[in-house]
Every structure is written in C-alpha cells, then in structure tokens.
Amino acid sequence: MLDLRHCSTGSDDEGVALAGLFMDSGLIAYTQGQKQARQDFRAMNHAVTQAPLALIVNRSTAGGAEIAAAALLNSKRRS
C-alpha cells in the first residue's frame with residue numbers, strides 16, 4: 001500500500017524516481033515546452049516488487065507524488 005495523501009512536496013524528479021520503483025517499463029512522464037523539445041522519462045526495469053499495489057491519494061496530493069500516482073494509474077500495472 002502506497003499512501004500519498006496530503007503529500008504536496010517533492011520535485012518532479014522525485015516523482016519519476018518513485019514511480020520507477022514500481023514499474024518495469026513504460027512512460028512515466030514527459031516535459032514539453034513551446035521552445036523545448038519533448039523529453040520522455042521512462043521506467044528503467046528497476047521495479048522492487050511485482051506484488052499488487054494499492055495507491056491512496058486525495059485532493060492534497062500534488063507535485064512529485066501526483067506524477068507518481070498518475071504514472072502508476074496509467075501503467076495499468078497488474079500482477
């Protein structure tokens with residue numbers, strides 16, 4: 001169980017690193033600006049477990065925790 005309620009601190013890089021702990025492959029996030037090319041952040045096959053994962057968030061989840069939560073939700077991680 002990963003509880004990210006009321007977690008509104010942390011950088012984007014920390015969110016990418018957190019998601020990478022639970023994902024073997026796939027896109028975690030990307031950045032793209034008007035004058036900046038798209039930069040992808042992908043999981044690097046470093047998942048610490050393949051066990052089922054319950055993720056808890058609320059309206060106060062933001063920042064890096066929000067990136068991790070969205071990546072894990074979109075990965076459709078199954079065990």
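Only this structure's heavy atoms are used, side chains among them; waters, hydrogens and symmetry mates stay out.
- Transitive grouping of hydrophobic side chains (ILVMFWY, heavy atoms separated by less than 4.5 Å) brings Leu53 and Val57 into a common cluster.
- For Ser75 against Met23, the heavy-atom pair with the smallest separation is CB-CE, 3.7 Å.
- The shortest heavy-atom contact between Ala69 and Leu55 is CA-CD2, 3.6 Å.
- Between Ser8 and Ser60, the shortest heavy-atom contact is CB-O, 3.6 Å.
- Clustering ILVMFWY residues whenever any of their side-chain heavy atoms sit less than 4.5 angstrom apart, transitively, puts Leu18 in the very cluster that holds Val48.
- Within a 6.0 Å radius of CZ in Arg59, other residues, nucleotides and ligands contribute 12 heavy atoms or fewer.
- Under the side-chain hydrogen bond (donor to acceptor under 3.5 Å, both in side chains) criterion, Arg42 pairs with no residue, sequence neighbours left out.
- For the residue pair Ile67 and Gly15, the shortest heavy atom distance occurs at CG2-C, 4.3 Å.
- When all heavy atoms of Leu27 and Phe41 are compared, the pair lying nearest together is CD1-O, 3.6 Å.
- Across every non-hydrogen atom of Thr61 and His6, the tightest pair is OG1-N, 4.2 Å.
- With rounding to the nearest 0.5 Å, the separation of CG in Asn74 from CD1 in Ile28 is 11.5 Å.
- The CZ atom of Arg5 lies 5.0 Å from the CD1 atom of Ile56; values are rounded to the nearest 0.5 Å.
- Grouped with Met44 in a hydrophobic cluster is no other residue, since no side-chain heavy-atom contact under 4.5 Å to another Ile, Leu, Val, Met, Phe, Trp or Tyr is found.
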Going through the checks in order, is the side-chain contact (heavy atoms from CB on, under 4.5 Å) test met by Asp12 and Thr31?
CA-CA 10 Å; Asp12 296 349; Thr31 58; 5.5 Å; no
